[in-house]
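Proteins come first, then strands; the chains are lettered A, B, ... in the order of their sequence lines, and each starts at number 1.
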Amino acid sequence: MARSEFAKKTLLGIVPADSPFYAFHPVTRLAFLFVLSVTPMFIDRPEINLAIIAMTFGLFWWGRVRMSDLKKYRLLLVTVALFMFIVAYLAPGDKAQLTPVRLVGLTLYWEPMRWAFVSYVRLMAMLFGAILYFSTNRERDVLVGLRTLRLPFQVSYVAGLSLRSAGMFMEDFATIREAEQARALDLDALSLREKVKLYTMYTVPLFAVALRRADEISAALYARGYTLSGRPGTGGKRTDYLRDKSVLRVRDWVVSFGLLGTFVVIAIVSRTTGVFSIQASPLIGFVEQLLGIG
Amino acid sequence: MSLLEVNDLTFQYEDGTSALRGIDFTVEEGEFIALIGQNGSGKTTFAKSLAGLLRPTTGRVVVDGIDTARKGVIKELVRRIGYVFQNPDHQLFNNNVYDEIAYGPTNLGIDDPERDEIVREAAAAAGVREALFTEHPFFLTKGLRQRIAIASTLAMRPKAIIVDEPTTGQDYRQSAEIMTFLTRLWRDEGHTIIIVTHEMPIVAAYAQRVVALCEGRILLDGTTRDVFARPDELRRTFVKPPQVTRLAQAWGDPGIASDVITVEELVDGAVSSIVGRSSASPAGISGGTDPASARGPGRKGQ
Amino acid sequence: MATNSAAGSSGRIWVVEEGERRSPGIIHVVMMALFIGIGIVVGTLGSLAIPIGFVSAFWPGQAVQAVGSIWFGAWGVIAGMFFPFISNAMSGSAPIPVSAAYLPANFIQGFLAVAAFKLLKGDPRLLTARDWTIWVVFGVLVANFVGAFWGTYVLSWFGLITDQARIPALLGWTFGNSIPSLIFGSILLKYVTPMVIRSKAFVKGWWA
Amino acid sequence: MNAIELSGVTWRYEHAKEPALVDVDLAIPEGEFVLVIGPNEAGKTTLVSAIKGLIPNSITGVLKGDVLVFGERVESIKPPVLAKQIGFVFADPESQFTALTVEEEIVFGLENVGWPRETIGKRVEWAARITGVEDLLDKPPYDISGGQKQRVAIASVIAMQPRILILDEPTAMIDPLGKDLVVRICAELKNDHDMTIVVVEHNIEAFAPLADKVVMVNEGRVERVAPPREIFRDLDYLLARDVHPPQVSQVFGRLRERGLYRGELPLSDEEGFASWRTLPEGAAR
């Protein structure tokens, strides 16, 4: 089925072809991934990480990602928060050194709760950075990005093939599901034991297809003159025609270095000053005041 | 009531591609239909919609009184319409051939003496020998895996069977075997058969009705002879009639029908035309009207 | 059936027969890539189906790591190390820095299983009680324990759990994750191994 | 010199009881267009896999005999060197794709061989033009129609300008329009580029008019090697082995058996039309 011109199928969804992200070179988008998903490591202050989350959502909107694709993460947001706060409640650590707070009939300890909140916001900031990347990039964008970074051909080839095969297995999965349905399997009516059995039913054809595909692809690689070393038979280096073809424009240099520069500055400031520490957070301070903790 | 009723069916993929754009279609019980059209014309999407595997974006597909969009009708549907996928690897889930064929009946809640009988019957019908029952389907040839897939579908005893590209990658003998087998199901057991195919000689030799799809719409729908006799419209679906039909049409000989679809028909036409025009020629009379040659291989009775 | 011919002679499966040429080839690289692909799918869908985030306490991915390593040796171990980066990110389970910190655990979870099978000469088709024992003890329990040991360390390091919660988290993780590993991994070994061992991609030694 | 020479080739796949090729001798001179026909599992794909060196280099089993490509044993030729001599198009186009865009797909082999960038650019342009895939260069190769996929597969192989081109059932998976285009590409390569071409096909009708020689394979043996008109004359021999010559050849073969036609067997629609006109008793107009 020929797909329409209007949509690009990314790793996690579908994004219109005129999404502004496509104006950037794939390597610039890798810089987005790196900076968005690593910077929060250096930031404790929740309001800054919340701002990063807001900015990421702004980028989702600006990049015209279909927001309904993000719905599948809703449950995760809740369960992870529940988990972290329950752990902080049940296993707060050495209570003697902690500040007890009585809230709606429960005795909580403030420091672990505060830390859970800070970590949770940081985690979400990092996660949505990665989700943004996989929502707006196709397999080939990842590949061009990796090749531009001069990764050895074998590495980028394996990366490309594995991402592509993930896509193929997703499609296989969908077809296998249809085939199961065609054989009278009613998912809604299954017990847990039957669902487990169903997993086998999925894996057998999935691996059958994978094994055949491995044979076919390796025969095709041999036929096209590929060797394990990746070196041409005449000796010398493999040409990288495509990498040389995709051009980094001024905009890419500016944005990439802007992003990386910001990252470096934040990392240094974080290590040398207390600007990004919890102590500097007005939000935390405000809550502490509210709870009457000094 | 018709077996299949399709009203104004449209189907749109998640990314917004329209695969089907308003199809009205009916199938009566006992038909043998070939769905043709070029890659991307929507054949497979249409066929899967008929089997209830894809839910219409708009419009309705009703199989023997059951709307496929309703929830919880899977078990009802598979007893009425079976679907055999193009790639057998996608539909073989079990570790041995017997379990594979028994899989559908098990899901339908059929238990053993009856299930065993059904499995053996379906295997026999599809030409799967019982000696193969303990084999792992993965290691069998593609033709055999295809037949196991068909047997597995038959085991649910549907009234209609849709087979997606039954002969792709098979040689003449294997194609003929599968097609003869489908023909037997159709003629002797009253099954309705729908095949999706690119192979015009197969269509010509076996199908009774041809439906040509083009860009998500039905372009031609009629008896096989009628459809192949309309080369201009067929060209729009990029489908060519069989070579003998093209020859008959190109020759334009009044003694030869322009809707022949087998070698034998054209040979007979040519012979009688030659004999008719030059009754003086002794050579022409000698081998001219041998009635035995009117049979085609695998051609159904007229 | 040909696949049963080795029954009763556990461990023979790893023996390189006389005249048999085995060397790493393109097929292994391709299989590794495809296996990363499978890992991404199983890991992502598994995490989204049971959305408990970074707590890998009910994650079928470990089974993929262990089984892939048993089948494809070092190639499977490498595949098992890297697919979680992508599946964690796509499913929203763990951001890239956390995945990077999990790396040694990913290695252990695959390596222990294959090392046990090769050294103790277990048959991955799980033909005897001994094969089962090797699988359950090393491929499931020990591998998950060591993985959880490292994993909980990482979690507390990133501040995702408190230090006091490490021990309960370690136990929860080990046993929690042993369940999907056991079910899913056993199914893979039992049902898919017969196909794998006849494929050229199957690895008898470490690399071929 | 013969482009391809097989002598005494016997091959058994690993896990198989019977050999798939039995004592095959075959010589294909440079520049010929050879059509390989025969029933399924007769050994056609195995035969061309042996010529390309996939047997024994990529597929395991037991090989006896010699396969020579331009006088050299195919086993000992390094893959990148061999890729310049023999191009191989697989039956299922999707299974041979290695890259994420059509352009990369075409470039892949060229990069493996290590040609300079300018040469690669020209080759891509040339291969894309002949196969008519210029407009697809930016698309993922697995997201286009079946016929387009096959043309991309051919483009990525001919971009290397191999001296020998092997196509294993190139039209099996595609629609009639796609089939026609593939045949047209083969005709152009035969006529304008002087390649030695070996095609394995069930769709004999499409390729018979192009073939200089037909190789009939049955039960692992090369049973007959002859020009198409000659091989199709023995209709009953072929039909008994479930091999169906072009319908036009069959029709005139039957007329010939009845003494109504004496000329050469036609191979194409056009020849069939012309032959009909030569029948004095027939075509009145």
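- The CD1 atom of C/I40 lies 10.0 Å from the CZ atom of A/F169; values are rounded to the nearest 0.5 Å.
- A/S37 places no side-chain N or O within 3.5 Å of a backbone atom of C/P95 that could act as its donor or acceptor partner.
- Neither the backbone nor the side chain of A/L82 comes within contact range of chain C; no heavy atoms are under 4.5 Å apart.
- The distance from the CD1 atom of C/I86 to the CG atom of A/L163 is 4.5 Å, given to the nearest 0.5 Å.
- No part of A/A219 comes within reach of chain C, as not one of its non-hydrogen atoms sits under 4.5 angstrom from that chain.
- Proximity to chain C is absent for every atom of A/P40, based on heavy atoms less than 4.5 angstrom apart.
- Using a 4.5 Å cut-off between heavy atoms, A/R164 does not touch chain C at all.
- Environment of OH in C/Y153: sparse, with no more than 12 heavy atoms of neighbouring residues, nucleotides or ligands closer than 6.0 Å.
- Surrounding CZ of A/R177 are at most 12 heavy atoms belonging to other residues, nucleotides or ligands under 6.0 Å away.
- Taking CG of C/L160 as the start and CZ of A/F83 as the end, the distance is 9.0 Å to the nearest 0.5 Å.
- Side chains of C/F158 and A/L123 form no contact here, defined as non-hydrogen atoms less than 4.5 Å apart.
- Between chain A and the residues C/T44, C/V192, C/D163, C/I183, the largest count of heavy-atom pairs under 4.5 Å involves C/V192.
- Residue A/F57 places its CZ atom among more than 12 non-hydrogen atoms of other residues, nucleotides or ligands, all under 6.0 Å distant.
- Proximity to chain A is limited to the backbone of C/S91, based on heavy atoms less than 4.5 angstrom apart.
- Here the straight-line distance linking atom CE of A/M41 with atom CD1 of C/I96 works out to 12.0 Å at 0.5 Å rounding.
- Interface summary for chain C: among A/M168, A/R212, A/M170, the most heavy-atom pairs under 4.5 angstrom belong to A/M170.
- Proximity to chain C (any heavy atom under 4.5 Å) is shown, for A/A210, by both the backbone and the side chain.
- Interface summary for chain C: among A/A214, A/A130, A/S135, the most heavy-atom pairs under 4.5 angstrom belong to A/A214.
- Between the CE atom in C/M90 and the OH atom in A/Y133 there is a gap of 11.5 Å [rounded to 0.5 Å].
- Formation of a donor-acceptor pair under 3.5 Å by the C/T162 side chain with backbone atoms of A/G93 is not found in this model.
- Contact annotation for residues 27-36 of chain C against chain A (heavy-atom separation below 4.5 Å, listed by residue number): C/I27, C/V29, C/V30, C/M31, C/M32, C/A33, C/L34, C/F35, C/I36.
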Can I get a per-line list of side-chain donor-acceptor pairs under 3.5 Å for residues 201-208 of chain C, giving both atom names and the distance, sequence neighbours left out?
residue	atom	partner	partner atom	Å
C/K204	NZ	C/V15	O	3.0
C/K204	NZ	C/E20	OE1	3.1
C/K204	NZ	C/E20	OE2	3.2

